[in-house]
Enquirer: 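Below: one structure in structure tokens.
So that the names make sense, note that chain A is the first sequence line, chain B the second, and so on, each numbered from 1. Computed from a predicted model, the values in this text were never measured in an experiment.
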2 protein chains.
Amino acid sequence: MSSISKETLQRLPAYLRHLKELQKQGVENVASKAIAKVFNYTSVQVRKDFASISEEAGKPKTGFSVNRLVKDIAEFLGYNNINEAVLVGVGNLGHALLSYSGFKDYGLDIVGAFDINPNIKLVHGHKIYNLSKLESFIKRFNILIGIIAVPKDSAQDICDLMIGAGIKAIWNFSPCNLVIPENIAIINEDMASSLALLSQRLSKILKKEKNQ
Amino acid sequence: MSSISKETLQRLPAYLRHLKELQKQGVENVASKAIAKVFNYTSVQVRKDFASISEEAGKPKTGFSVNRLVKDIAEFLGYNNINEAVLVGVGNLGHALLSYSGFKDYGLDIVGAFDINPNIKLVHGHKIYNLSKLESFIKRFNILIGIIAVPKDSAQDICDLMIGAGIKAIWNFSPCNLVIPENIAIINEDMASSLALLSQRLSKILKKEKNQ
DNA sequence: ATAATATCGATAATCGAATATCGATAAAAA
DNA sequence: TTTTTATCGATATTCGATTATCGATATTAT
Ligand SMILES: NC(=O)c1ccc[n+]([C@@H]2O[C@H](COP(=O)([O-])OP(=O)(O)OC[C@H]3O[C@@H](n4cnc5c(N)ncnc54)[C@H](O)[C@@H]3O)[C@@H](O)[C@H]2O)c1
Ligand SMILES: NC(=O)c1ccc[n+]([C@@H]2O[C@H](COP(=O)([O-])OP(=O)(O)OC[C@H]3O[C@@H](n4cnc5c(N)ncnc54)[C@H](O)[C@@H]3O)[C@@H](O)[C@H]2O)c1
């Protein structure tokens, strides 16, 4: 238990998904080595990751209890107590996010969606509110998480509006760097950054193939 | 120049966006310190990042040429020569990806989109092909990048199909761990992982506020 | 009952990335 | 012209994360 590294934290959701899969297949125990193989990690890393979120030790020759790991990771990630969020910008991407049923598995519930365009009224059973209602909604329901899916030129305005109303954590899908006070959490979902990595790995692979 | 770290690579797109913004504002030179402030990095890190992709040195008292940096980063990231990609799964998310005009700025062009559902015919000017056409399409146009936006239970099948047809790099939006040979590049766009981080940071902030 | 084996946890070593330091230098100010 | 200042690049240090090692132990096989 105790402190946890950023890297470990980011691996946890994937472990959890895999372990739930094993659970579904009726697997009761699993060795760190087997999990390591699936994700291309070392077994030491897997054990360390598990050690940082679970009190329970693995057993020699047997491994870890799948049920116990599932319970501990879900607990650690807070998947049991749901966080409520607002979404601003219900265009192409906002539409997808709003329709996605998977977030509730991750402890996230989009309880209010807002757009400046009055023609967008209903998406996947969610009523879309006018942007003018955002502030009072956040305050009234004490929402702490805001999701930004507006064009980049509006993103800073929405960000400021959210923070002014009480939002403490922002998940930003707009490709821009938002200026925020230091007591606010932010994650930029930067697809360009992922693409840069993919593209570099592709180049390496192609280069290797050529030299053979 | 020479080798580049994964971390640096992933920061480059954000630098580039910011530098283009400065360029638009007519700024000619910029100090590493100023950029560091925007992104909450140290100036040393910014200088190191720049050094790893540009031959040109910064000048004392003046900083770096914005134009030159924009040129060198765009060049390095390969934003000038466009990579063609296929997309499989044109549901909510696939729809958003296909409609997104921003990818071409990152050197990516989705030239073919496929779905198993024959009712999905046209999205944002893109004709949607039946899945049965995927293999021949990839082969015919020599596509190297595949984007997966199908439900997770179909993701491995699509992945195998893509690789069989010649795809070398996969951008996977499905929340699952795909099994691939080692000469294939993959990036999992794992939103749960981002959320885990955001949620942890939020907790920290709330804890801090409470203790004040 | 004993030996062999798979797996563990703890600790140590390595690795890679971020940061600090400092001497050099271009530009601006005196 | 000289001094001051902002900024740089190179090098050294620190930090955090990954990987290697090894003794301990639960299970399985003999
Ligand atoms: N579509 C994608 O796949 C994708 C991928 C990566 C990033 N993004 C980013 O996500 C954001 C949204 O992309 P999109 O494709 O959905 O764009 P979009 O144009 O389809 O949707 C934007 C929506 O925001 C609304 N809007 C505009 N200004 C607003 C404001 N001030 N307040 C409230 N609503 C406002 C618009 O009415 C529209 O409904 C953009 O910043 C885009 O760069 C999108
Ligand atoms: N919607 C989101 O915001 C979001 C966010 C994160 C991850 N994802 C993931 O992205 C994937 C797609 O999500 P979505 O919301 O668009 O789902 P969706 O159900 O709206 O769309 C899935 C599409 O895939 C098609 N499809 C199904 N099986 C196929 C196959 N074998 N070959 C080709 N096409 C097939 C379906 O016809 C449908 O059009 C899912 O794995 C989801 O978990 C979605």
Enquirer: In this structure, which stretches of DNA chain C are paired as stems of three or more consecutive Watson-Crick or G-U pairs, both distances less than 3.5 Å?
Expert: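 Correct response: C:1-30 with D:1-30.
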Enquirer: Given D/dA20, D/dT18, D/dC8, identify the nucleotide with an atom nearest to the side chain of B/R47.
Expert: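 Nearest listed nucleotide: D/dC8.
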Enquirer: Sort and list the pairs that fulfil ring-ring contact (aromatic ring centres under 6.0 Å, His included) and have at least one residue in residues 184-212 of chain A, not counting sequence neighbours.
Expert: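 Applying ring-ring contact (aromatic ring centres under 6.0 Å, His included) to every pair that reaches into residues 184-212 of chain A, excluding sequence neighbours, yields nothing.
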Enquirer: Round to the nearest Å and state the distance from A/I4 atom CD1 to D/dG16 atom P.
Expert: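 That distance rounds to 15 Å.
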Enquirer: Considering residues at least two apart in sequence or located in another chain, which fulfil the side-chain contact (heavy atoms from CB on, under 4.5 Å) criterion with A/E84?
Expert: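 Per chain and number, A/E84 pairs via side-chain contact (heavy atoms from CB on, under 4.5 Å) with A/V111, A/I143.
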Enquirer: Distance-only criterion, 3.5 Å: show the donor-acceptor pairs between side-chain atoms of residues 30-43 of chain A and protein atoms not counting sequence neighbours.
Expert:
{"residue": "A/S32", "atom": "OG", "partner": "A/R47", "partner atom": "NH1", "Å": "3.0"}
{"residue": "A/T42", "atom": "OG1", "partner": "A/Q45", "partner atom": "N", "Å": "3.2"}

Enquirer: Strictly under 3.5 Å: I want the nitrogen or oxygen pairs between protein and nucleotides 23-29 of chain D, one per line.
Expert:
none

Enquirer: Determine whether B/V86 and B/I110 satisfy the following criterion, side chain to side chain contact (heavy atoms under 4.5 Å, CB included), listing intermediate values before the conclusion.
Expert: CA-CA 6 Å; B/V86 288; B/I110 302 176; over 6 Å; no
Enquirer: How close or far is atom P of D/dA17 from atom CG of A/L12, stated in whole angstroms?
Expert: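 In whole Å, D/dA17 P and A/L12 CG are 13 Å from each other.
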Enquirer: Not counting sequence neighbours, which residues clear side-chain contact (heavy atoms from CB on, under 4.5 Å) with B/K71? List them please.
Expert: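 Checked B/K71 against side-chain contact (heavy atoms from CB on, under 4.5 Å); zero matches.
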Enquirer: Partners of A/R68 by salt bridge (Lys or Arg N to Asp or Glu O under 4.0 Å), sequence neighbours excluded?
Expert: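 A/E56, A/D72.
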Enquirer: Distance check needed: C/dA17 P versus A/K6 NZ, whole Å only.
Expert: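 It works out to 13 Å between those atoms.
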Enquirer: Return a table of donor-acceptor pairs under 3.5 angstrom between the side chains of residues 74-82 of chain B and protein atoms on other chains or two or more places apart.
Expert:
none

Enquirer: With sequence neighbours left out, write down each residue that passes ring pair (Phe, Tyr, Trp, His ring centres under 6.0 Å) with B/Y100, or none if nothing qualifies.
Expert: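 With neighbours one apart ignored, the set is B/F103.
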Enquirer: What is the distance, rounded to the nearest whole Å, between atom CZ of B/F50 and atom P of D/dC8?
Expert: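 Spelled out: CZ on B/F50 to P on D/dC8 is 9 Å.
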Enquirer: In whole angstroms, how far is the P atom of C/dA17 from the CG atom of B/L9?
Expert: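 For the pair B/L9 CG and C/dA17 P, the rounded distance is 11 Å.
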Enquirer: Sorted by first residue and then second, give each salt bridge (charged side-chain N to carboxylate O under 4.0 Å, His left out) pair with at least one member in residues 147-173 of chain B; sequence neighbours left out.
Expert: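 Salt bridge (charged side-chain N to carboxylate O under 4.0 Å, His left out) check on residues 147-173 of chain B returns A/E209-B/K168.
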Enquirer: Under 4.0 Å between any heavy atoms, over every strand shown, what does A/K48 touch: base, sugar-phosphate, or nothing? Just pick one.
Expert: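 Base, at least one base atom sits under 4.0 Å.
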Enquirer: Using modelled atom types only, decide if a donor and an acceptor are shared between the side chain of A/S54 and the backbone of A/F50 within a distance under 3.5 Å.
Expert: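 Checking the backbone N and O of A/F50 against the side chain of A/S54, no donor-acceptor pair under 3.5 Å is found.
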Enquirer: Could you tell me how far apart B/Q45 (CD) and D/dC8 (P) are, to the nearest whole angstrom?
Expert: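 One finds 14 Å between P of D/dC8 and CD of B/Q45, rounded.
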Enquirer: Mind running a 4.0 Å heavy-atom check of residues 27-43 of chain A against DNA chain D and sending the residues that fall below it, in number order?
Expert: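 By residue number: A/T42.
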Enquirer: Which residue pairs satisfy the side-chain hydrogen bond (donor to acceptor under 3.5 Å, both in side chains) criterion with at least one member in residues 185-198 of chain A, sequence neighbours excluded?
Expert: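 For residues 185-198 of chain A: A/W171-A/E189, A/N172-A/N188, A/E189-B/S194, A/D190-B/R17, A/S193-B/Q10, A/S194-B/E189.
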